[in-house]
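To keep things clear, I will list the structure first and then write my remarks on it.
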Amino acid sequence: MTDAIEARGLGKRYGRKWAVRDCSFRLPAGRICGLVGPNGAGKSTLLGMATRLVQPTAGTLRLFGTPVSEPAVLAKSSFLAQDKPLFTRFTVAETLRMGQELNPGWDQALAERIVRAGNLSLDARIGTLSGGQRTRVAFALAFGKRPELLLLDEPMADLDPLARHEMAGLLMAEAAEQGTTVVMSSHMLNELETMCDYLVVVAGGRVRLAGEVDALLPAHSLVTGARSAEGVPPELARHTVIESHTTGRQFTALIRPEGRVGEDWRLSTPTMEEVLLGYLRTPDAPPLLTPSARVAEEGQSEGQREGLGRGEGAAA
Amino acid sequence: MVEFRIDRHSGMAAYLQIVQQVQEALRLGILMEGDQLPTAARVARDTKLNPNTTLKAYRELEHQGLVEPRPGVGTFVSRAAAEQAKARPLADSPLRGELDDWMRRARVAGLEWGDVSALITAARAEHYP
């Protein structure tokens with residue numbers, strides 16, 4: 001199956017600073033993917049390159065096999081920027097008309113259905129709508145294009161709790177019905193947990209974590225035990241330690257176990273939020289990409305990709 | 001039809017919560033033979049749950065023989081599920097009575113709500129790893 005996104009050595013430099021550097025990952029089609037990272041990590045630059053708003057300095061980026069250097073790629077995706085730019089003096093109907101005129105594959109029935117589900121009048125002017133209603137129109141515009149890939153930059157950030165709940169439900173339901181691949185950047189880690197089945201974590205312009213939620217989480221363990229001396233206990237050091245801290249006599253660490261962990265340690269499965277926070281706090285932790293997210297080196301075939309090791313096969 | 005409730009703080013995987021809620025609805029007679037389960041898109045709209053998670057739960061229920069997919073229509077409660085629910089009403093089970101006795105003894109012994117809850121959680125973790 002073609003990947004919705006394939007980035008290979010992708011980079012963007014502004015002056016001397018690399019906003020995104022050496023990014024290589026894949027996103028299989030049909031996934032709902034959370035794009036997570038601290039502010040300034042390169043999330044918006046990545047989304048910008050996928051939508052041709054930002055030109056890559058290095059590497060390649062393909063959407064469903066088409067390089068973003070080709071204008072034809074624009075038909076494949078919809079992008080919803082954080083500020084959801086709409087013409088405030090247009091009515092809802094005029095906004096949808098604009099969508100129809102600008103997009104060859106426009107689905108007017110779908111766009112109208114999304115608008116009407118929010119009890120919005122087609123004659124209302126955008127400028128008179130609430131934040132939640134405006135987001136609904138923006139979603140109608142984005143889905144009306146019938147994109148294969150929907151890219152969202154902080155879609156729920158400025159919404160009140162009720163509107164956020166409604167929009168998140170709308171997003172999930174329409175993605176299910178249209179089979180759209182979704183990438184959404186977000187800081188709402190607890191919401192991502194039930195919305196996303198795929199994750200890409202960026203920090204410092206690089207990919208730290210990418211793959212199926214079902215495979216990434218079980219690859220990690222939270223271990224707790226008695227602290228013996230300063231620093232990481234030797235019996236844990238042979239595992240990949242993402243982060244650790246001590247509280248009194250208690251030592252706690254987020255690890256990627258390589259083989260068995262000794263009897264003296266209590267293991268528990270971390271939540272998505274715990275794993276994400278661990279990586280965000282430790283930007284130089286060794287990255288983890290599951291096989292479906294990994295990009296084969298040039299000249300290397302699919303079968304030669306290195307396995308994930310423990311935790312592999314947990315993906316459904 | 002049923003409505004699912006996803007507890008994001010329970011620590012239990014969301015798909016297992018759905019499996020459990022369907023099993024419970026069957027036992028309580030809320031779901032009966034031939035009833036349709038909500039579509040993944042419907043669950044997504046109501047609970048913000050990733051549609052693949054709902055489908056995973058339905059596959060698990062299908063594997064247990066409790067539901068049957070009808071391609072292009074939806075997922076329905078199977079006859080086997082209805083019979084199973086009838087054959088094993090939990091409320092009249094002797095286990096329920098034994099648990100009642102146990103709770104009474106725990107209370108007499110001076111155990112508080114938190115003690116009882118901790119014991120149950122520990123015992124459950126031991127027997128249902």
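Every heavy atom of this structure was used, including side-chain atoms; hydrogens, water molecules and symmetry mates were not. Proteins get letters first, then strands, A, B, ... in listed order; numbering begins at 1 in each. All values reported here derive from a predicted model rather than from experimental measurement.
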Completion exercise
From the list A:Thr271, A:Leu217, A:Asp197, A:Val213, the residue making the most non-hydrogen contacts under 4.5 Å with chain B is A:Asp197
Handout entry: Candidate pair B:Lys56 and A:Asp214, rule side chain to side chain contact (heavy atoms under 4.5 Å, CB included), full reasoning
Key = CA-CA 11 Å; B:Lys56 185 174 173 184; A:Asp214 282 355; 3.1 Å; yes
Problem - Heavy atoms of other groups near A:Arg113 CZ, more than 12 under 6.0 Å - result: yes
Exercise for the section: May I ask you to list the residues in residues 42-53 of chain B that approach chain A closer than 4.5 angstrom, counting heavy atoms only, ordered by number? Expected result: B:Ala44, B:Arg45, B:Asp46, B:Lys48, B:Leu49, B:Asn50, B:Pro51, B:Asn52
Handout entry: OG1 on A:Thr194 to CD on B:Gln17, rounded to 0.5 Å
Key = 9.5 Å
Problem - Part of A:Glu166 within contact of chain B (heavy atom distance under 4.5 Å) - result: neither
Completion exercise
Looking only at A:Ala175, A:Cys196, A:Ala173, the option with the highest number of non-hydrogen pairs under 4.5 Å against chain B is A:Ala173
Practice task
May I ask you to check whether over 12 heavy atoms, not counting those of A:His245, lie within 6.0 Å of atom NE2?
Solution key: yes
Completion exercise
CD of A:Glu193 to CD1 of B:Ile6, rounded to nearest 0.5 Å, is 11.5 Å
Practice task
Count the heavy atoms belonging to other residues, nucleotides or ligands that lie under 6.0 Å from CD of B:Glu3, then report whether that count exceeds 12.
Solution key: no
